[in-house]
Amino acid sequence: MTATLRGSIVSIDGPKTVQTTYGERELAEFTLRVGDRHTGAAAPYDEPISVAGLTTVTVWGKWTETAQYATEGMELLLTDPAEDTFQGETTYSTQKSSYVVLEPGFLVNVTDIRSWVQCPREYYLNKLSSIPLKYPVIKGTIVHEVFSDLLRGRSLAESIDDRVEEAGLELGLLGYETDEVKNEVRRNAASIEGWLSQGTLTGEDDWRSEYTLISPTFGLKGRADALRRGMPVELKTGKNTRREPRFHDKIQAACYGLMLEERGVPVNTGTLLYTKNTALERNEETGDLSPAKEFSMGRGLFEYVVRCRNHLAALEARGEIPTGYEADAKCEYCFSQDACMVVSGRLAQESKAGAIGTPVPEDEQAYFERFYNAIEEERRTVHTAYRKLWEQTATERAAEDRALIDLSYAGREPIEENRWRLTARNESGAVSKLRPGDVALASDGDPVTGHAELCRIEEVGDTVVVTTDEPVAFTRLDIYPSEISVDRMLEAVHDAILKGSTDRKDVLFGRRDPAFDGNHETYIDNNDAQNKAVNMGVTAQDCVLIHGPPGTGKTYTIARLVRALVDRGDRVLVSAFTNRAVDNLLEALRSQGFEDIVRIGTASGVRSDMQDLRLSRRGNPNQQAATLRDASVVAATTTSCGSRICKEESFDVALVDEASQLTEPATLAAINLADRFVLVGDHEQLPPVVRSENELQTSLFERLIETYPDASVLLDRQYRMPQRIQAFSSSEFYDGKLRPANGAVAAQSLADLGVSYATLPEQFRDQVVFIDPDGTRQGNANPIEADRIQSIVELYLDAGVEPADIGVIAPFRAQVAEISNRVDVTVDTVDRFQGSSKAVIIVSFVATGSLDGPLFEDYRRINVALTRAKKSLVLVGDEDALRSDPFYDRMCTWATR
DNA sequence: GTTGTGGGAACAAAA
């Protein structure tokens, strides 16, 4: 147990030089505010020191550099501080065993520390563009996987065959053949195998591969390639014939060493495996044939790592862009020099390497900066979610539905691709936000200090089933907050501004109206707006915005448009935020007889009836690559559009559905890949999902439809709701322009299902009904309201409505659970109901007393709820509470007419 | 104070 002191910085004094009994020494003083729950929460295995009010912390020696980049308001953590009493007050200072950590809540990846040590500017450039599709990278990944397989006892030949085949698509896109790759991997792997077998002979080695480490104290996370006798081992596919490992390679291993020590295991040795070091590459100085280089690591290296991390975290907290001057990088040898200079040149940034080219216009620079900051703000909210892994107790996390705890581990079985399927029982029957297909953290009870493995969920009911690379006897499953969408957004903004054409940017920045050119034809003969939408899509030179309110047949229209574009010879990218929306669109396309589609996505993300279109990464390189390249339609989520596989592709048109639910950068990820784009959405329905409050909340769809109304078309005829139901939505959200497509739609009722209104109580004989059950909100649920909903569902069932035709919508998951326990029909949140509909919809408002809360404040959410019903709509809520808000007041008036 | 989807992370090169 190590004591820690943690607080927010109130003031900073120093660094300064003072005379001590040991001679001249540097010190800096921080005044900290300690003890507040937010800044004072320490890791559970540490002993937090609590101090009321302000306290002084003195840091000595090299820790004083912290004072140079720290600012007031940042958080500071001191481990194992020396306690002193000075003028009656307790003060703290660093001693030999202390670490000073700045902004411990900002989680830095170990690989980011590594690149920061190479050059801070390199770290920044890596954030702007992920590792591209390049052969050395793909080969490196394969060698890593083979290494892991060897540690798990798999045979070399089998592993190489399997792992190379697994990378088929990427290798194919790079123009590589399986055999040449296998040979090269074999050469790398042979040296590892030889070295490994030496260890096995002595029988002393105890191996663990792919070890996930999270550090609450140092604000670090990462996955070590392997541990050998508890010491970190890192694999490098390159060559290093010098005596010493490369410095930044050592740093990477030292990060893992530091995190292992934090868990109470002393670490003094690191190993780097340079797999190109074969007998042919004998070290000239030492004659060494081994690919392995051991080095000793200790306090000095660990402190250096922590100082680098502090510097990085401070710069991020201040929102500054690295210049390269922060460290002593040497630009003349740097492979990234050109990229670095281009970015500095185009964005008018200061950089050690210098700049080339002319800056992009000022409004583009400002745009880049605004979105960069907004995305980084979003990143910090991901970090906050991550931090809750250790700041909250298991019980607290379970109570907030962020984890399933107290599971009983039930066993494991090996499955394909060298993975494991693990099973546990959820005897308490607790529910959580975790859903099948999610990536989660499976642990032995503590995801931070215990053994944890990243997993993918297959099943979460009474039985919990996950798949992992390494087995773990798991008893707990936690939500895993991933930065991937944040990373992809940043990259998309970078690509749009720095690599985008002037034509495209003119439109994005409101400098030129979108152009249309070509002859009009009839594609859809019974709906003018839909036909106009297809025509605009076909004749667009830049972009089209298709506004599709509920039930207006937008999916059908899009599918027709895609076919028209392909008929003309265009290659089309079809995208949306969710897998569900992408698959819906493909369903419409296929129902129109179109099959020339490749679906990109994970096996668990793609709907089962679209799996036949899914392109596996595994397989023959040429074949997989040709399948992708020859497809005239490629479909993927916007996040997948930012993957390195999709980024290699180019399209004539990108068509993005549900575009109003996408942040602007996420939309860019898709449209960056095409010459022209079509956005389809409805900004009167749910907006993008973001945690931070900034420009990410407005979709590109919404911004452009306001800038270029002439490039938009409103699908104004809806096929879903009768006149009575659609009236409120039409007048409140669509200026009264939304109308039923025809008389039959307008007049539809339960009678169409063979249900007689006469069998329902008088009150329910209207298509819109309002019921006030006099319930009380308890937390996010309302049990009395739930009881009433149960009886209403039974009324409709008794009248002859099929269970599959009834849906219940509630604003909160707690109420969804409450109602689900009572009825046997679909019950879900508004957010999850968007895109679907039911004959009978019952809406539970939950709120009583007042309508406080963002869920009720966003009227678009209600628009979604009210427009899901095809025949009958029942609103259940506290009329007094609802009438306290003018919008809900109008809703009640409409419903109680 | 609340809703929600993505997809794990780390993969290379060298004066």
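Computation of the quantities below employed the complete heavy-atom set of this structure, encompassing side-chain atoms and omitting hydrogens, waters and symmetry-equivalent molecules. Throughout, a chain's letter reflects where its sequence line sits, starting with A, and its residues are numbered from 1.
Within 4.0 Å of A/G605, counting heavy atoms only, lies no atom of the nucleic acid at all. Across all strands, A/R402 comes closer than 4.0 Å to no nucleic acid atom at all (heavy-atom distances). Residue contacts shown for A/P688 are absent, as no nucleic acid heavy atom lies under 4.0 Å away. Nucleic acid contact class of A/E234 (heavy atoms, under 4.0 Å, all strands): sugar-phosphate only. Among the atoms of the strands shown, only primed sugar atoms or phosphate atoms (P, OP1, OP2) are found under 4.0 Å from some heavy atom of A/I484. Note on A/R644: a base of the nucleic acid sits closer than 4.0 angstrom, heavy atoms only.
Nearest nucleotide to the side chain of A/Y256, out of B/dT5, B/dA10, B/dT2: B/dA10. Between B/dT5, B/dG7, B/dA13, one nucleotide has an atom nearer to the side chain of A/T578 than all others, and that is B/dT5. Looking at the side chain of A/Q252, the nearest of the listed nucleotides B/dT3, B/dC11, B/dA13 is B/dC11. When each of B/dA10, B/dT5, B/dT3 is scored by its nearest atom to the side-chain atoms of A/R580, the top-ranked nucleotide is B/dT5. Closest contact between the side chain of A/S640 and the listed nucleotides B/dG7, B/dC11, B/dT5 involves B/dG7. Between B/dA12, B/dG7, B/dT3, one nucleotide has an atom nearer to the side chain of A/R813 than all others, and that is B/dT3. Closest to the side chain of A/T237, from the set B/dA12, B/dA9, B/dT5, is B/dA12. Listed nucleotides: B/dA9, B/dG7, B/dA12. Nearest to the side chain of A/P132: B/dA12. Nearest nucleotide to the A/E122 side chain, out of B/dA14, B/dA13, B/dC11: B/dA13. Looking at the side chain of A/Q118, the nearest of the listed nucleotides B/dA14, B/dT3, B/dC11 is B/dA14.
For B/dG6, the base has a donor-acceptor partner in the side chain of A/S485 [N/O atoms by modelled type, under 3.5 angstrom]. Donor-acceptor pairing under 3.5 Å, judged by distance alone, is present between the side chain of A/R861 and the base of B/dT3. The base of B/dG8 sits with one of its N or O atoms less than 3.5 Å from a complementary donor or acceptor on the side chain of A/R419.
Atom NE2 of A/H248 is separated from atom C1' of B/dA14 by 8 Å (rounded to the nearest Å). Separating the CG atom of A/L434 from the C1' atom of B/dG7 is a distance of 14 Å, rounded to the nearest angstrom. Here B/dA9 presents its C1' atom at 12 Å from CG of A/L441, a figure rounded to the nearest Å. A/Q337 places its CD atom 15 Å from the C1' atom of B/dA13, with the value rounded to the nearest Å.
Of the candidates A/E122, A/E491, A/E376, A/K127 forms a salt bridge (Lys or Arg N to Asp or Glu O under 4.0 Å) with just one, namely A/E376. Screening A/V656, A/L673, A/I600 against A/L573 for a side chain to side chain contact (heavy atoms under 4.5 Å, CB included) leaves a single residue, A/L673.
In this model, the phosphate group of B/dA9 is not approached by any side-chain N or O of A/N109 to a distance below 4.0 Å at OP1 or OP2. Put simply, A/T212 has no side-chain N or O that comes within less than 4.0 Å of OP1 or OP2 on B/dG8. A close approach under 4.0 Å does not occur between any side-chain nitrogen or oxygen of A/R246 and OP1 or OP2 of B/dA15. OP1 and OP2 of B/dT3 both lie 4.0 Å or more from every side-chain N or O belonging to A/N780.
In this structure B/dG6 sits in the anti conformation; its chi angle is more than 90° from 0.
Each salt bridge (charged side-chain N to carboxylate O under 4.0 Å, His left out) pair with one or both residues in residues 166-176 of chain A, not counting sequence neighbours, appears once here: A/R163-A/E166, A/E166-A/R618, A/E170-A/R617, A/E170-A/R644.
Side-chain atoms of A/H144 come within 3.5 Å of backbone N or O of A/L235 as a donor-acceptor pair.
By the salt bridge (charged side-chain N to carboxylate O under 4.0 Å, His left out) test, A/R309 is found to be paired with no residue, residues two or more places apart in sequence or in another chain being considered. Residues satisfying the salt bridge (charged side-chain N to carboxylate O under 4.0 Å, His left out) criterion with A/D495, sequence neighbours excluded, are A/K499, A/K647. Remark: A/D112 engages no residue in a side chain to side chain donor-acceptor pair (under 3.5 Å) (not counting sequence neighbours). For A/K352, the salt bridge (charged side-chain N to carboxylate O under 4.0 Å, His left out) test picks out no residue, with sequence neighbours left out.
A/Q815 has its side chain within reach of A/N782: a pair of non-hydrogen atoms, C-beta onward, lies under 4.5 Å apart.
With the 3.5 Å cutoff on both pairing distances, Watson-Crick and G-U pairs in DNA chain B never assemble into a run of at least 3.
Judged by ring centres under 5.5 Å apart and planes tilted less than 30 degrees, A/Y480 fails to stack against the six-membered base ring of B/dG8.
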